[in-house]
Amino acid sequence: MQKDKKRSGSGWRSRNAPYIIAFTLAVVMFMLVAPEVNEGDSMDPSISGGQLLVVSKSSYAPNRDIPERDSIVILEKTESQKISDDNIIARVAGLPDETVEIKGGKVLIDGREYVTENGIKGASGDMKIKLGKREVFLLCDNREELLDSRNSKLGAVDMKEIKGNVLFRIWPFSEFGGIK
């Protein structure tokens, strides 16, 4: 009788092992990444409204790495609500301790013109800001939108307010993959 109990117990584990593994992986994945739907056109042409993105839950808390220039990040809801009803997705243009200036339709970082990897350049308005040791300057790819650091209500963003990095697009399937 004791042997039968052992067999049935081990049989249950072997029968359910794939489900246990899948559940464990799902929990771990949701701790590391999250889905995000882009609302609006502030990141056009790179990301269109309604596209589903996968965002890493990267934290830039004190003593952690800084985001890379041109990486696309999402702000914490509490920070983005200053200027938007939804999360803000934007591109990291200026890094800590840099000076960002917008003058004559050009974005200058420490005096050099900033152009994204996919060729987006320029911005409206005139401003100059010196970033602190934990601050970044965010720009939307649709430079007509002011849902980024050019908006005086948001300004330079403390890195701890970044919720994560956009890893890739999963919807629509025709555009599945990385984002430049």
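- The hydrophobic cluster of Tyr19 has no other members, since no ILVMFWY side-chain heavy atom comes under 4.5 Å of it.
- Listed by chain and residue number, Leu25 satisfy the side chain to side chain contact (heavy atoms under 4.5 Å, CB included) test with Ile21 (two or more places apart in sequence, or in another chain).
- The stretch residues 94-107 participates, sequence neighbours left out, in these side-chain hydrogen bond (donor to acceptor under 3.5 Å, both in side chains) pairs: Arg69-Glu98.
- Among Ile74, Val73, Leu75, the one residue that satisfies the side chain to side chain contact (heavy atoms under 4.5 Å, CB included) test with Ile88 is Leu75.
- Residue pairs satisfying the salt bridge (charged side-chain N to carboxylate O under 4.0 Å, His left out) criterion with at least one member in residues 135-144, sequence neighbours excluded, are listed as follows: Arg91-Asp141.
- Nearest heavy atoms, Pro67 versus Leu95: O-CD2, 3.4 Å.
- Within 6.0 Å of the NZ atom in Lys130, the count of heavy atoms belonging to other residues, nucleotides or ligands exceeds 12.
- Side-chain N or O atoms of Asp70 include none that pairs as donor or acceptor with a backbone N or O of Thr116 at under 3.5 Å.
- Counting Ile, Leu, Val, Met, Phe, Trp and Tyr side chains that sit under 4.5 Å apart, directly or through other members, Ile120 stands alone, with no cluster partners.
- When all heavy atoms are compared, the tightest approach of Val136 to Met159 is CG1-CG, 3.8 Å.
- We find the CG-CG distance between Leu154 and Leu147 to be 9.0 Å, quoted to the nearest 0.5 Å.
- In terms of heavy-atom proximity, Gly104 sits nearest to Asp126 at N-OD1, 3.5 Å.
- Across every non-hydrogen atom of Gly155 and Ser149, the tightest pair is O-OG, 2.9 Å.
- Other residues sharing the hydrophobic cluster of Val100, ordered by chain and number and joined by side-chain separations under 4.5 Å: Ile102, Val107, Ile109, Tyr114, Met127, Ile129, Leu131, Phe137, Leu139.
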